[in-house]
There are 2 protein chains.
Amino acid sequence: MRAGERAYQALRADIVEWRLLPGQVLGEVELSERLGISRTPVREALSRLTADGLTEPHSGRGVVVATISAEDVRSLYEFRDSLDCRAAELAARRGDPEVFRALAGELLEALEGLTSDDDPDHASYYELVQRMDAAIDEAAANPFLRQAQTGVRLHLARVRKLSKSDPRRLASAAVEHQRIAQAIADGDPALAIATTRVHLSNALQHALNTKELAPVRPAAS
Amino acid sequence: MRAGERAYQALRADIVEWRLLPGQVLGEVELSERLGISRTPVREALSRLTADGLTEPHSGRGVVVATISAEDVRSLYEFRDSLDCRAAELAARRGDPEVFRALAGELLEALEGLTSDDDPDHASYYELVQRMDAAIDEAAANPFLRQAQTGVRLHLARVRKLSKSDPRRLASAAVEHQRIAQAIADGDPALAIATTRVHLSNALQHALNTKELAPVRPAAS
DNA sequence: TAAGTCTTCTGTGTATACACTCGGGGTGTT
DNA sequence: AACACCCCGAGTGTATACACAGAAGACTTA
């Protein structure tokens, strides 16, 4: 793989998983030494991260990891609502019912797996949700919408990493996802929007309640 | 200004205004010679253009100017509908009524100026619409939404450059904009959404009818 | 002692040289 | 004659050197 691509993915993962904290200054020279590559691919990686909104220019002095406040989370979910509702609506209109009927069934099974927690990371559940997102994107068949979703999900993943894994919330989310999948499978756009909106409302409540957004201190250096 | 920034803006303008046609291959060496700068800032500019969706990677062989089909325009307006309706709704909830009342008044005046075409480019009208967009962004107060709008408007500008300036359509659009501004000024979110949707529906019809999207041939080289 | 300025230094912006990969064309073989 | 392999070149990917700008610190002066 290209060095710039590797650097981008490594830094992106570091930021999303909070190994690089908000306020941390990312110097080109320092990064090139740490990653063992030259400044050129590092610059490319930093440019892409800034375009993604994960880093911000620091007054001509390189870039810093972007902070994320509770207000940002609200804005993010508000924006996400526009995208996800439209995507669900389009999927209900255009999608293959069989695909979403199958997903709804898988979600029911996963719901049982979530109560009996033999999978502490719930990796299989998250993988299932990811497949559902991909299926909705596919069904919505709108490249602009898809690109926006990709960007939003990056920030969402970063926010989600802050939340404690709450089994009860996870079970509720699974039920909500199941209802969305069912509405799409039934080809009911209005219901798809409604179920999506319900899910996002609950998800935002959970995100704002259980997370410590403000207390996160910028990195010392 | 930085060389990379200049190169980016120059190329972006060339693509948006159809001086660079879809399919045109943009080689780094060729561009660096044409713009009188080195390859490094050219690479930066091309990266940003690709992130904007104005250019696409060409199998590791540089980038090419992105094509834009009638289907792309439909997708673009479908996506734009999500954004503009949400923005109008938020503006109706949060915006300062006075700002939009003033805009509605200016649109009424502009409507008269459009019929008596003493301004052949309608520059003042377009400037007014731009101010209204900015006011809505400001009132919606959502950074994610705003960034998405910026990206969409880039593609919209590119599509619009293909359309013949139709005075009747322009007058209709002015009325539609006026109704949107009025709904926002009245603090009526539902009406703001409805008027926006009406406007976009008409705009899409006009865009698809009057433009020659498919006939545009990729550049010879 | 405080404020202003000068110096220095760190780090980015740009240019250029080198390496490597992917196509294309030509030639040889079957 | 057709197919496969090899050589060559064009162009990108990466490294590095140099120029320049902004900031921090120290020194001087009022």
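A note on names: the letters A, B, ... follow the listed sequences, proteins ahead of strands, and every chain is numbered from 1. This one's a predicted model, so the numbers in the text were calculated from it and none came from an experiment.
Within the model, atoms CG of L46(A) and CG of L54(A) stand 11.5 Å from one another, a figure rounded to the nearest 0.5 Å. For the atom pair CG (D72(B)) and OG1 (T67(B)), the distance works out to 6.0 Å, reported to the nearest 0.5 Å.
In the region residues 6-15 of chain A, proximity to DNA chain D at under 4.0 angstrom, judged on heavy atoms, holds for none of the residues. Sorted by residue number, the members of residues 33-46 of chain B with any non-hydrogen atom under 4.0 Å from DNA chain C read I37(B), S38(B), R39(B), T40(B), P41(B).
For H58(A) and dT12(C), the NE2 to P distance is 11 Å, given to the nearest whole Å. Distance, E28(A) CD to dA15(D) C1': 14 Å, rounded to whole Å.
Salt bridge status for E5(A) with R48(A): present, with a side-chain N to carboxylate O gap under 4.0 Å. A salt bridge links E176(A) with R169(A): the distance from a Lys NZ or Arg NE/NH1/NH2 to an Asp or Glu carboxylate oxygen falls below 4.0 Å. Between R93(B) and E89(B) there is a salt bridge, since at least one side-chain N of the basic residue sits less than 4.0 Å from a carboxylate O of the acidic one. Of the charged side-chain nitrogens involved, at least one lies within less than 4.0 Å of a carboxylate oxygen, so that D137(A) and R153(A) count as a salt-bridged pair. Remark: R86(B) does not engage E78(A) in a salt bridge, criterion side-chain N to carboxylate O under 4.0 Å.
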Between N or O atoms, less than 3.5 Å apart, protein on one side and nucleotides 8-10 of chain C on the other: list the pairs.
unit_1: dT10(C); atom_1: O2; unit_2: R61(A); atom_2: NH2; d: 2.8

What's touching nucleotides 24-26 of chain C from the protein side, N or O pairs under 3.5 Å?
none

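Judged as a ring-ring contact (aromatic ring centres under 6.0 Å, His included), and not counting sequence neighbours, the contacts of F144(B) are H155(A).
Distance alone, capped at 3.5 Å, places no donor-acceptor pair between the S163(B) side chain and the V159(B) backbone. Remark: the backbone N or O of Y77(B) is not paired with any side-chain donor or acceptor of D81(B) at under 3.5 angstrom. With T55(A) contributing its side chain and T50(A) its backbone, the two residues share a donor-acceptor pair below 3.5 Å. For the pair N142(B) (side chain) and S75(A) (backbone), a donor-acceptor distance under 3.5 Å is present.
Residue R2(B) places its side chain closer to dG13(C) than to any other of dT14(D), dG13(C), dT12(C).
Residue pairs satisfying the side chain to side chain donor-acceptor pair (under 3.5 Å) criterion with at least one member in residues 31-40 of chain A, sequence neighbours excluded, are listed as follows: E28(A)-R39(A).
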